[in-house]
Peer 1: 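Input: one structure, supplied below.
Any value given below was found using the heavy atoms of this structure, including those in side chains, with hydrogens, waters and symmetry copies removed.
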Amino acid sequence: MLILSFFSTFHFFFYLAFSLFETFMSSSVSLLLQMEVVCLNSEPAFNEGDEYEHEGDCATGENADELCAAPHLKRDPPPPTVGLEFDSFDEAYDFYNGYAKDQGFGIRVSNSWFRSKRKERYRAKLSCSSAGFKKKSEANNPRPETRTGCPAMIVIKLVDSKSWRIVEVELQHNHLVSPEIKRFYKSHKKMILAAQKSQQAEPVKEIHTIKLYRASVINAAAPNGYSKVKERDVRHPTDHSKHLELKEGDAHAVYNYFCRMKLTNPNFFYLMDLDDEARLKNIFWADARSRSAYIYFSDAIAIDTTCLTNKYELPLVSFVGVNHHGQSVLLGCGFLGHESVEYFVWMFRSWLTCMLGRHPRVILTDQSKSLQMAISEVFPGTRHCYCLSYIMQRVPEKLGGLRGYEAIRKQLNQAVYNSMKIAEFETAWGSMVGQHGLGENKWLQSLHEDRQRWVPVYLKDTSFVGMIPVKENEVSKPFFDGYVHKHTSFKEFLDKYDLALQRKLMKEATGDTESRNCSFELRTKCNFELQLSKVYTKQIFEKFQIEVEGMYSCFNTRQVNINGPIITFAVKERVEVEESEKEVRQYEVLYETTNMEIRCICSLFNFRGYLCRHALNVFNYNGVEEIPSQYILPRWSKDYKRRFPLDPLPNDVDVNDYVLRYNHLLSRAIQVIEEGAQSRECWKASLQGLEELCRKFALENVDEVFL
């Protein structure tokens, strides 16, 4: 009951805090505007018709080509911005319609609000023509669905009964938008007819008188989770025949899920990629928990394409990180229509947009040229490695039919897992290939060519925080392991998605509770163990304890070289190699006495994020009683989220920037939410503070209405 209470508390608290957050950021909007709620799939208040007619030229009639090409029609109007004012509703409509035509989409009036007595319109929502979805038709041959639930829109409001002001803006679409794709939209027909009529009398002119009410232009991440993706970032020459193979009920299930999440999950983000025939090519989404998790755990991520590799019916792509307990945490999901560079690029750009452009330091994927090329394009400064676990799991499939397979497998494992130096690996690999005549094996050739991306001995300078296995019997499991099988449908997966996340979050919440409230049993008298029992989470501390206990299997520690302040030690250890067999191995440890820096040749600190037994042994040998702070990663701390160093607001940044204020407040709000959900007392205190702020903002908005 405690854990279930935690989840209900967290989501309620998140929603309240996010509502407060939105209230603060839109304090210049009247109380009346805040109280109006419209269904996501609401129909227009008056019939504007279906905007998307057919593909074709942008005009009709004998003068169509001249009108489309006429240089005096080209203009570069400002994008829709909160605060722009117009003299009439028609002028505001024409402005947005002109902007839409330049960008390559149509518009329609999706909602209007009228004063009941005079039937005078005082507010309207102008949406992309792909907004919402059509009502189901009872016809035998209904027209295909062309809408995508696109969120792009503006809301305009009548101010002082004389001018119309933009009060809300969403520029991001969830489908491909390009002026180069020529389609005929109904909203543009009015512009063309007016141009044709004007051309008979005088040169065509399109003049819009725009009053600038407020100078804050939104040009970065939008507050509801969408960020502006430039056209060049999402448009690629793709094979339009490749799209998601949806079964009956799948599209409806996806749409219903996204609608439900947008209503119940603050900061939910999704994008859809459509081809010219309005078929789904790709889908990406991430909920609020995934987006907040990436704020804390953005150092290393894995992009899981197991479903694609194993040819599952569900083309699932998962973005996965590691939390402070060493557990997998979901950072986003997607459905990929085709395993090509262009499709991967779209998926990665969508994820990066969702995460506000913050690049991870390390990305792990399966071995794939398409993935490699896409990652180098989207994440040029990120270290891209192949997941060792994925590669080694493929050994039986790729080599199982060869003569002497068991001997090959053992030699391969020996080369990969036990090589301390690059020369050792190359010697062991060459011996395996030569002894078994594997020089022409294409798979082994590709592995050797890419060895710097997956063999541990080449990756010792990269921090993986436990995301790659360093021992033969370790295996990395997919995040949705046990929830997805070869014939899982889209609908079935979405039904299981929430269950999988709830169980993962319950596991994290249990770890938080145990780490905060339980005292750890010490197994040795070593001060290193006592020191980190006060810092690490339970799961990480138990892994570190194994290294502390392992100090007692090390022996014959001695100096082998001194070079100024750097001393080289040799540490011997008895290592279990088979079921009951052990061998003695020697590990080289470098110790810099001035700054107390240490490095072992096994590089466990970079692979796992905590010191190995060999380094601990050298510290102990030199009389060091406490582990230096640089070897205690804050990400493993039990109070990591509480002490997380949030980015301060730079002194030289304009505080009038809406997006900057929004993102800064969001990072602060997440920290309050994490703390407030930990206990009943914290929840009550935080809730009281949020409610006081809500009342304060409500009063300020009321005052603004009557001023």
Side-chain angles (χ1 to χ4, degrees), residues 26 28-36 38 42-51 58-59 67 70 72-103 105-129 131 152-171 185-218 704-705 707:
S26 57
S28 63
V29 184
S30 70
L31 181 63
L32 177 64
L33 176 61
Q34 295 175 30
M35 294 175 62
E36 292 167 342
V38 184
S42 55
E43 293 298 317
F46 61 94
N47 185 20
E48 272 286 77
D50 191 9
E51 296 294 83
C58 61
L67 285 170
H72 50 257
L73 276 177
K74 297 294 182 181
R75 65 193 189 285
D76 188 18
T81 306
V82 172
L84 293 183
E85 289 190 9
F86 307 87
D87 290 334
S88 66
F89 171 85
D90 289 340
E91 188 176 289
Y93 180 93
D94 290 343
F95 165 76
Y96 191 46
N97 197 25
Y99 167 80
K101 186 172 184 293
D102 288 345
Q103 298 296 314
F105 67 95
I107 70 168
R108 59 187 170 88
V109 182
S110 57
N111 284 92
S112 285
W113 289 260
F114 295 87
R115 293 191 172 93
S116 57
K117 294 183 179 180
R118 294 176 289 174
K119 293 187 177 180
E120 177 187 9
R121 183 190 294 142
Y122 68 91
R123 187 173 177 226
K125 181 178 182 180
L126 310 182
S127 301
C128 171
S129 57
M153 60 84 197
I154 66 170
V155 174
I156 56 176
K157 180 184 176 183
L158 185 63
V159 181
D160 298 330
S161 300
K162 61 181 180 180
S163 62
W164 287 82
R165 179 186 302 162
I166 298 179
V167 294
E168 290 184 44
V169 174
E170 172 54 70
L171 299 181
Y185 293 97
K186 189 174 180 179
S187 64
H188 301 164
K189 184 177 181 180
K190 300 176 183 178
M191 298 172 60
I192 295 166
L193 292 177
Q196 288 176 330
K197 184 176 180 180
S198 300
Q199 192 180 39
Q200 297 173 3
E202 58 182 333
V204 178
K205 296 181 180 179
E206 292 187 3
I207 301 175
H208 300 281
T209 303
I210 302 172
K211 301 175 183 177
L212 186 59
Y213 171 72
R214 190 177 53 162
S216 58
V217 179
I218 302 173
E704 183 178 335
V705 170
L707 287 177

Peer 1: May I ask you to check whether Phe89 and Trp164 place their ring centres under 6.0 Å from each other?
Peer 2: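 That pair passes the under 6.0 Å test.
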Peer 1: For Glu168, is there an ion pair with Arg123 - N to carboxylate O distance below 4.0 angstrom?
Peer 2: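 Counted as a salt bridge, because a side-chain N and a carboxylate O are separated by less than 4.0 Å.
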Peer 1: What do the steps show when you test Ile166 against Tyr96 for side chain to side chain contact (heavy atoms under 4.5 Å, CB included), and what is the final call?
Peer 2: CA-CA 10 Å; Ile166 298 179; Tyr96 191 46; over 6 Å; no
Peer 1: Can you name the ring-ring contact (aromatic ring centres under 6.0 Å, His included) partners of Phe105, sequence neighbours left out?
Peer 2: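 In terms of ring-ring contact (aromatic ring centres under 6.0 Å, His included), with neighbours along the sequence ignored, Phe105 is linked to His173.
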Peer 1: Compare every heavy atom of Ala92 with every heavy atom of Leu126, then report the nearest pair and how far apart it is.
Peer 2: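 Of all heavy-atom pairs spanning Leu126 and Ala92, the closest is CD1-O, 4.3 Å.
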Peer 1: Which distance, rounded to the nearest 0.5 Å, do you find between the OG of Ser163 and the CD1 of Ile156?
Peer 2: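 Output value for this atom pair is 11.0 Å.
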Peer 1: At their closest point, which heavy atom of Arg121 faces which heavy atom of Ser112, and how far apart are they?
Peer 2: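 That would be NE-OG, 3.3 Å.
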Peer 1: Report yes or no: does Ser110 contribute a side-chain atom to a donor-acceptor pair with the main-chain N or O of Lys125 at less than 3.5 Å?
Peer 2: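 Here the side-chain-to-backbone pair exists.
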Peer 1: For Thr81 and Val169, which heavy atoms make the closest approach, and how far apart are they?
Peer 2: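 Closest pair (atom of Thr81, atom of Val169, distance): C-CG2, 3.9 Å.
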Peer 1: Below 4.5 Å, heavy atoms only, C-beta onward: do Leu171 and Tyr99 meet side chain to side chain?
Peer 2: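 A side-chain contact exists here, since the closest heavy-atom pair is under 4.5 Å.
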Peer 1: I'd like to know whether Glu85 forms a side chain to side chain contact (heavy atoms under 4.5 Å, CB included) with Arg165, so could you lay out the CA-CA distance, the side-chain angles of the two residues, the decisive distance to 0.1 Å, and finally the verdict.
Peer 2: CA-CA 4 Å; Glu85 289 190 9; Arg165 179 186 302 162; 2.9 Å; yes
